[in-house]
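Each ligand, and each atom within it, is numbered from 1 in the order the structure gives.
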Amino acid sequence: MRSTVLAAALLAFVGNVDAFYLPGAAPHNYVDGEKVDLFVNALTPMLSAKDDAKLKSLINYDYYHPNFRFCHPEGGMKKQPESLGSILFGDRIFNSPYDIHMLKENGTCRTLCTVEDVTGEDAKFINDRILEDYALNWLVDGLPAAEMKMDLRTGELFYDMGFNLGNDEGDYSDAPALNNHYEIVLQYHEPSPGTYRVVGVLVWPISIGGSQDGEPTCIDSGTALQLSDTQNQTIRYTYRVTWNESSIPWATRWDSYLRINDPRIHYFSLINSIVIVVFLCVMVSMILLRTVSRDISRYNAIDLSEDVQEDWGWKLVHGEVFRTPRWPMALSVMVGNGSQLSAMVMITLVFALLGFLSPSNRGSLATVMIVFWTLFGGISGYISSRVYASLGGTDRRKNAFFTATLFPTVVFVLVFMLNFFLFTAGSSGAVPFGTMLLVCVLWFGVSAPLSSVGAYFGNKHGSIPNPVRVNPIPRQIPPPPRYLQTWSSVLLAGLLPFGAAFVELYFVLSSLFASRAYYAFGFLTLTAGVVGLTTATVTILFTYFVLCAEEYRWQWRAFLTGGGSAIWLLAYGIFYWVSRMSLDSFTSVVLYLGYLLLLAILTFLVTGTIGFLASYWAVRRLYTAIRID
Ligand SMILES: *[C@@H]1O[C@H](CO)[C@@H](O)[C@H](O)[C@H]1NC(C)=O
Ligand SMILES: *[C@@H]1O[C@H](CO)[C@@H](O)[C@H](O)[C@H]1NC(C)=O
Ligand SMILES: *[C@@H]1O[C@H](CO)[C@@H](O)[C@H](O)[C@H]1NC(C)=O
């Protein structure tokens, strides 16, 4: 409710102040004949529209990769400035030789360039990429070039970003054919006489075979251009620009790109998860409230004058629950880093909901995530040091040090290794050295000092006092029932949050790996909230069972039980790989598994932290309520 009000207030603010635009969101007004730049981005493997289509690779290639032999601009190619997130997520944007001027050369067939001596080696590289369904990604005035497609179920037209490098099952034969002609349709809107804005970019690529010299026709000749990998050949690239007036205003020009594939699936997923949560929360609160309040009144009602007083259930372990667990250092470091990540996820979702992360700001999502993660360093230091002190740890300096460095180092080493694989595969997706350095500086130069500041304040506030004392001699622990053994409870408890999220997870994986745009942030936020709530309730429930079974070492169990959904995420990722991908290179497999592992680690930290903190809160409440003699 409050966020809607805030959003409305912000919208009103944005609406009132005409000159105020978010960075990158101001319209470019062109005059008749003004040059319109066409930029080329890296080529990405595309999931074709067929139902049984599988993703065949995960490696991006620079547009000017030497084997593609695309036409180079005259003055040499120039890299365009990009945001940090955009670079990390694989954008590599360059200028291009396309000569486009507002409303000029309408419908003229033009030759871009003729590339001679394309060797058999180049041809083999190009054919392999065509077979892997690679797509070209162009940008005109910030808009991606798209192919117009029709939704077979609804008959609705939509723009699918990117267009094919070639066809591998053309009308002519099964050999791959290279698209060497581009029909470019630029839709423009005229808000006031004499000013024009680009509101749509469509490209129909075709393959024109036959003779590659003489006057270009730009007409499908009936033969496709198939490259042979045994001899040198010539490719002529041609294009035709058509200017088409459109009634779409500039402000809504993204709408046809950002079509939610099938909103019904998202609604179904959301209803599914809400049902799970409501059911679960009602169950848990009923069980807990009724049994716990009964327990408490019975404990407190026992007549103190009796000599033999029989304790049972979770009260038995009151002298043990706050005993220092094994490895308090590792646990508190993980909780600290998990809190930092959770805070980052929350604020990112808020930003996404408010519409700040519009697709016209390329890479804004990743940039916002990194920046906030960095700024939230203080949270990890503070929470880690307080949890550490409360768990009975004593080596505060070591704790502050590990909190600030351990997790970034693990992530950095993993990313560095994946980068190495990308680099050896000749992919442009490898993060450039300068960007790596910048991320390093952000992590170790900003986040780590903030973490130490947080640790300083955490130490100042000290430990949270325990409501009951710890007995000097530890109790015997009876063997737990089967369903409460650590691994079975972790798997069992993880299933519910995972079940609430797995439909949405499918879309998230598709957007991460198959470069599909993701913009269902409303659904994502609600799903994230549901997952957080489910994780907290399930973990509290399991902690209660564990304590009732007289197993008092609940701290690590709470973290692992909370993080159980990460194991299901990993399993689902493998299922996604088997069912939706047929990766043909070792590098792609390593990349997929590496990124999946990273995703699972992050999920584990976040959900584990939620589980631990929720259980900690519940255990404190529980033992504050009973009377100990
Ligand atoms: C093919 O092209 C390469 C350079 O691109 C050249 O070195 C080679 O001599 C050419 N081969 C033939 C048979 O023309
Ligand atoms: C360009 O040509 C197309 C048809 O070929 C026509 O529909 C369109 O109006 C023309 N645009 C301009 C700006 O002349
Ligand atoms: C240009 O726009 C008109 C109507 O707006 C549409 O019918 C026509 O198909 C468009 N042309 C192209 C090439 O997209």
Side chain His189, main chain Ser246, donor-acceptor under 3.5 Å: yes
Is the Trp204-Phe163 ring centre distance short of 6.0 angstrom? no
For Ser228, does its backbone N or O pair with a side-chain atom of Gln233 as donor and acceptor, under 3.5 Å? yes
Ligand 2 N/O within reach of Thr242 N/O, cut-off under 3.5 Å: no
Quick check: are there more than 12 heavy atoms from other residues, nucleotides or ligands sitting under 6.0 Å from CH2 of Trp577? no
Which ligand 2 atoms, with their elements, are less than 4.0 angstrom from a heavy-atom of Tyr188? 13 (C)
For Phe94, is the NZ or CZ atom of Arg92 found under 6.0 angstrom from the centre of its six-membered ring and inside 45 degrees of the ring axis? no
Which atom pair, heavy atoms only, marks the closest approach of Tyr237 to Cys71? CD1-SG, 3.7 Å
Donor-acceptor check, side chain of Asn244 to backbone of Gln187, threshold 3.5 angstrom: yes or no? no
N/O separation below 3.5 Å, Asn244 to ligand 2: no
Below 4.0 Å from any atom of ligand 1, which residues have a heavy atom? Give them in chain and number order, please. Asp117, Thr119, Asn232
